[in-house]
> 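I'd like to ask you about the structure that follows.
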Amino acid sequence: MPELRDKFTIHSKAIVCQDVELKGDITIGSGTIVHPKATIFAIAGPIVIGMGCIIEEGAIIVNRRREVMRIGDDNLFEISCRIESPSVGHFNTISTRARVHHTVRISDYCVVGAGCLLVPTEDEVLEDYTVIYGPSAEKRVWSGRGKVQEADLRRKHAEYLREMLPKFNRLRRGDGT
């Protein structure tokens with residue numbers, strides 16, 4: 001197997017702290033914010049991160065498959081979560097210390113609760129508006145009520161981070177647009 005070389009394409013409007021660990025072929029979209037101490041490893045295949053995502057400190061994103069790992073727009077990866085899902089839709093929240101195995105594909109508007117471990121033995125797709133919660137990773141469907149307020153809150157969160165992170169951290173620049 002040929003060794004993967006590091007290739008980072010970071011959009012000019014993305015904010016990626018210098019203290020982030022990146023390995024492999026990684027593309028980071030416009031407006032995405034990556035906190036210090038986050039880890040993004042494209043071990044077997046590339047990772048493409050969409051626009052407006054927030055990846056907090058200690059979050060780990062790993063692609064162990066040869067296929068491209070696609071992460072959609074406006075996703076929130078909270079502190080110390082770990083995700084290996086081959087595809088993540090738009091506007092999802094992976095909460096603090098949650099873990100998502102590589103056999104799970106995430107659609108849109110899903111929430112994986114704090115500390116939940118999602119490790120099915122067979123491939124599984126989380127349908128739109130699925131919420132995973134509790135110590136036994138129970139599922140329920142969210143009605144979608146409040147998603148406009150959630151979007152506004154997330155936009156303000158990103159606006160604050162865009163202002164504050166560059167003041168206290170060195171930023172990393174990519175070789176792309």
> Is there any side-chain hydrogen bond (donor to acceptor under 3.5 Å, both in side chains) pair reaching into residues 45-54, and which pairs are they, with sequence neighbours excluded?
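Qualifying pairs: none.
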> Could you list the donor-acceptor pairs under 3.5 angstrom formed by side chains in residues 105-114, with sequence neighbours left out?
residue : atom : partner : partner atom : Å
R105    : NH2  : E67     : OE1          : 3.3
S107    : OG   : L126    : O            : 2.6
D108    : OD1  : H90     : N            : 2.7

> Please answer: with hydrophobic residues joined when any side-chain heavy atoms are less than 4.5 Å apart, are I61 and L118 in the same cluster?
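Yes: a chain of side-chain contacts under 4.5 Å links I61 to L118.
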> Is it the case that one hydrophobic cluster holds both V68 and V88, taking links as side-chain heavy atoms less than 4.5 Å apart, direct or via other members?
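They do not share one cluster, since no chain of ILVMFWY contacts under 4.5 Å joins V68 to V88.
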> Just how far is it from atom OG1 of T93 to atom CG of L76, taken to the nearest 0.5 Å?
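Going from the OG1 atom of T93 to the CG atom of L76 covers 5.0 Å.
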> In a check of side-chain hydrogen bond (donor to acceptor under 3.5 Å, both in side chains) between D152 and each of R155, Q149, R154, K156, which one passes?
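Answer to the side-chain hydrogen bond (donor to acceptor under 3.5 Å, both in side chains) test with D152 among R155, Q149, R154, K156: R155.
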> Consider only side-chain N and O atoms of Y133 and K139, and report whether a donor and an acceptor are under 3.5 Å apart.
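No pair is found: no donor N or O on one side chain lies under 3.5 Å from an acceptor on the other.
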> I'd like to know if R140 pairs up with E138 as an ion pair, taking the criterion as any Lys NZ or Arg NE/NH1/NH2 lying under 4.0 Å from an Asp or Glu carboxylate oxygen.
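A salt bridge is absent here (no side-chain N lies under 4.0 Å from a carboxylate O).
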> Yes or no on side-chain contact (heavy atoms from CB on, under 4.5 Å) for Y129 and K147, after CA distance, side-chain angles and deciding distance?
CA-CA 10 Å; Y129 299 100; K147 75 178 180 184; 2.7 Å; yes
> Looking at CZ of R82 and NE2 of H101, how far apart are the two atoms once the value is rounded to the nearest 0.5 Å?
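Nearest 0.5 Å value for the CZ-NE2 distance: 9.5 Å.
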> Using only atom types and a distance under 3.5 Å, with no angle test, would you say the side chain of R97 pairs donor to acceptor with the backbone of G115?
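Side chain of R97 to backbone of G115, a donor-acceptor pair under 3.5 Å: no, none is there.
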> Where do C81 and T96 land on the side-chain contact (heavy atoms from CB on, under 4.5 Å) test, with the steps shown first?
CA-CA 5 Å; C81 70; T96 304; over 6 Å; no
> If you count heavy atoms of other groups shown closer than 6.0 angstrom to CZ of R65, is the number above 12?
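Yes.
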> Grab the two heavy atoms, one from A151 and one from F91, that are nearest each other, plus how far apart they are.
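Scanning both residues, the minimum pair turns out to be CA-CZ, 3.3 Å.
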> With a sphere of 6.0 Å drawn around CZ of R99, does it hold more than 12 non-hydrogen atoms of other residues, nucleotides or ligands?
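No, CZ of R99 has 12 or fewer neighbouring heavy atoms, counting only those of other groups under 6.0 Å.
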> Can you tell me if T103 uses its side chain to pair, donor with acceptor, with the backbone of P120 under 3.5 Å?
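Yes.
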> Are L22 and I71 connected into the same hydrophobic cluster when the rule is that any two of I, L, V, M, F, W, Y join if their side-chain heavy atoms are below 4.5 Å apart?
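Cluster IDs for I71 and L22 match.
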> Consider salt bridge (charged side-chain N to carboxylate O under 4.0 Å, His left out). Of K37, R172, R170, which one does D19 pass it with?
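Among the candidates, only K37 passes.
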> Where do L171 and I15 land on the side-chain contact (heavy atoms from CB on, under 4.5 Å) test, with the steps shown first?
CA-CA 7 Å; L171 300 183; I15 293 181; 3.7 Å; yes
> Could you pull out all donor-acceptor pairs under 3.5 Å where a side-chain atom in residues 40-58 meets a protein atom, sequence neighbours excluded?
residue : atom : partner : partner atom : Å
E56     : OE1  : I79     : N            : 3.2
E57     : OE1  : H35     : ND1          : 2.8

> Rounded to the nearest 0.5 Å, what separates atom NZ in K7 from atom OG1 in T27?
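So the gap between those two atoms works out to 6.0 Å.
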> What distance separates E78 CD from S95 OG, expressed to the nearest 0.5 Å?
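Nearest 0.5 Å value for the CD-OG distance: 4.5 Å.
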> Can you hop from F77 to I33 via hydrophobic side chains spaced under 4.5 Å?
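The answer is no; the residues belong to distinct hydrophobic clusters.
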> Supply the atom-to-atom distance M69 CE to R64 CZ, rounded to the nearest 0.5 angstrom.
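Separation between the atoms: 10.5 Å.
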> Rounded at 0.5 Å granularity, tell me how far CG in D25 sits from OG1 in T9.
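Here the interatomic distance stands at 6.5 Å.
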> Of all heavy-atom pairs between A14 and I28, which one has the smallest distance, and what is that distance?
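Closest approach of A14 to I28, heavy atoms only: CB-CG2, 4.0 Å.
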> For N169 and P36, indicate whether the former's side chain and the latter's backbone hold a donor-acceptor pair under 3.5 Å.
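Not at all, since once roles are kept as given, no pair shorter than 3.5 Å links the two residues.
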> Would V100 end up clustered with V119 when hydrophobic side chains under 4.5 Å apart are linked, directly or stepwise?
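Different clusters.
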